[in-house]
Amino acid sequence: METMQQSLRVVHVHLGIKGGAERFFVSLVNALAERGVEQKALVFPDRVWKKDIEKACEVTEIKFSRSHIARFFINRRIANMNRAFRPHAMMSWMPQATRWIPNDPTILTAARLGDYPERLDYFANCDVLVCNTPDIARAAGDIGWDRSKTRVISNFTDTRPVTPISRESLDTPDDAHVVLGL
């Protein structure tokens, strides 16, 4: 008997505008879609990068609001969407977006951090912090986050330390100041 493999389902909550997190988000959504992951993205209206993910996932525009009354309706809307979609995971894309992650033990929850967290209350319903650099992960641990629930996935380059190359190999004197521009 042939068994049908159930595809993974992920809901993203992204409140960003236009920058590095958004570029990484677009790349990740498209890469996951290429691998058969079903996705939904909850975003603010009129994001310029929305067109770059619409073929890869269903996009729902929501006017996220901090007002107490609006929060209740938005939280209920997200809960209803989750009941229908049944995601395996939810990922938020900045601390404020993590407020919208429900407390649901059946869903793995992750928050992507591209900056240093100032406090941890945003992450109350979060299982894992995915940090952009090792230093952001360290900073989260320094303010009380369980370091075993932290991963580093950079959207830059490999973050492992490497042995410096010799200045001599670049015909540069050992006492010269060196400036690197990227």
Side-chain angles (χ1 to χ4, degrees), residues 2-115 117 120-133 136-137 140 149-156:
E2 190 176 312
T3 60
M4 181 182 229
Q5 184 178 2
Q6 183 183 22
S7 67
L8 293 174
R9 292 180 301 280
V10 177
V11 173
H12 302 273
V13 181
H14 201 306
L15 305 185
I17 299 169
K18 187 171 76 173
E22 291 73 25
R23 285 190 302 275
F24 182 65
F25 171 66
V26 166
S27 296
L28 180 66
V29 165
N30 284 291
L32 291 174
E34 288 174 13
R35 285 155 185 83
V37 176
E38 292 180 56
Q39 302 168 87
K40 288 185 184 247
L42 312 177
V43 303
F44 272 129
D46 303 320
R47 301 296 90 169
V48 296
W49 40 264
K50 176 184 165 196
K51 66 184 178 338
D52 300 326
I53 62 170
E54 287 179 314
K55 290 181 182 170
C57 75
E58 180 182 326
V59 180
T60 301
E61 293 181 329
I62 298 177
K63 290 184 179 181
F64 292 92
S65 171
R66 290 190 216 172
S67 83
H68 180 68
I69 298 295
R71 279 184 62 83
F72 173 76
F73 292 108
I74 295 167
N75 285 340
R76 176 168 273 168
R77 183 175 177 192
I78 292 171
N80 288 338
M81 286 190 307
N82 281 350
R83 269 192 291 284
F85 186 59
R86 296 181 340 219
H88 297 96
M90 285 190 80
M91 186 163 184
S92 66
W93 288 83
M94 54 191 34
Q96 299 85 346
T98 309
R99 291 181 181 190
W100 303 102
I101 298 290
N103 183 10
D104 184 337
T106 67
I107 301 172
L108 174 69
T109 55
R112 183 222 181 246
L113 290 181
D115 205 349
L120 296 177
D121 60 326
Y122 287 132
F123 311 108
N125 295 333
C126 196
D127 298 316
V128 178
L129 294 183
V130 180
C131 301
N132 204 6
T133 68
I136 292 172
K149 296 179 177 184
T150 303
R151 301 295 181 270
V152 175
I153 302 175
S154 180
N155 56 316
F156 299 112

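The main-chain N or O of Thr133 is never found under 3.5 Å from a side-chain atom of Ser154 such that the two would form a donor-acceptor pair. Formation of a donor-acceptor pair under 3.5 Å by the Asn132 side chain with backbone atoms of Leu113 is not found in this model.
For Glu58, the side chain to side chain donor-acceptor pair (under 3.5 Å) partners at least two apart in sequence or on another chain are Lys40. Under the side-chain contact (heavy atoms from CB on, under 4.5 Å) criterion, Arg35 pairs with Ala31, sequence neighbours left out. Residues that satisfy the side-chain contact (heavy atoms from CB on, under 4.5 Å) test with Phe44, not counting sequence neighbours, are Leu15, Arg47, Phe64. Residues forming a side chain to side chain donor-acceptor pair (under 3.5 Å) with Asp104 (at least two apart in sequence, or on another chain): Thr106. Listed by chain and number, the residues in a salt bridge (Lys or Arg N to Asp or Glu O under 4.0 Å) with Lys149 amount to none (sequence neighbours excluded). Applying the side chain to side chain donor-acceptor pair (under 3.5 Å) rule to Glu38 yields the partners Ser7; only residues at least two apart in sequence or on another chain are considered. For Asp52, there are no side chain to side chain donor-acceptor pair (under 3.5 Å) partners, not counting sequence neighbours. Residues forming a salt bridge (Lys or Arg N to Asp or Glu O under 4.0 Å) with Asp46 (at least two apart in sequence, or on another chain): none. Scanning for side-chain contact (heavy atoms from CB on, under 4.5 Å) contacts around Arg86 gives Gln6, Arg9, with sequence neighbours left out. Listed by chain and residue number, Glu61, Lys63 satisfy the side-chain contact (heavy atoms from CB on, under 4.5 Å) test with Pro45 (two or more places apart in sequence, or in another chain).
The shortest side-chain heavy-atom distance between Cys126 and Ile101 does not fall under the 4.5 Å cut-off. Side-chain atoms of Leu129 and Phe123, non-hydrogen and from C-beta on, do get closer than 4.5 Å to each other. With contacts defined as side-chain heavy-atom distances shorter than 4.5 Å, the pair Leu108/Pro87 does not qualify. Looking only at side-chain heavy atoms (C-beta outward), Leu42 and Met81 come within less than 4.5 Å of each other. In this structure, Asn125 and Thr109 have side chains that are not in contact, with every pair of non-hydrogen atoms separated by 4.5 Å or more.
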Decide side-chain contact (heavy atoms from CB on, under 4.5 Å) for Trp100 and Ile62; before the verdict, give the C-alpha distance in whole Å, the side-chain angles of both, and the deciding distance to 0.1 Å. CA-CA 11 Å; Trp100 303 102; Ile62 298 177; over 6 Å; no
So Arg112 and Phe25, side-chain contact (heavy atoms from CB on, under 4.5 Å) or not? Walk me through it. CA-CA 10 Å; Arg112 183 222 181 246; Phe25 171 66; over 6 Å; no
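Among all heavy-atom pairs drawn from Ala137 and Val152, the shortest one is CB-CG2, 3.9 Å.
Judged as a side-chain hydrogen bond (donor to acceptor under 3.5 Å, both in side chains), the pairs with a partner in residues 89-98 (not counting sequence neighbours) are, in order, His12-Trp93, Ser92-Thr98.
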Tell me which donor-acceptor pairs under 3.5 Å the side chains of residues 72-80 have, and how far apart each pair is, sequence neighbours excluded?
{"unit_1": "Asn75", "atom_1": "ND2", "unit_2": "Arg71", "atom_2": "O", "d": "3.3"}
{"unit_1": "Asn80", "atom_1": "OD1", "unit_2": "Arg83", "atom_2": "NH2", "d": "2.3"}
{"unit_1": "Asn80", "atom_1": "ND2", "unit_2": "Arg76", "atom_2": "O", "d": "3.4"}

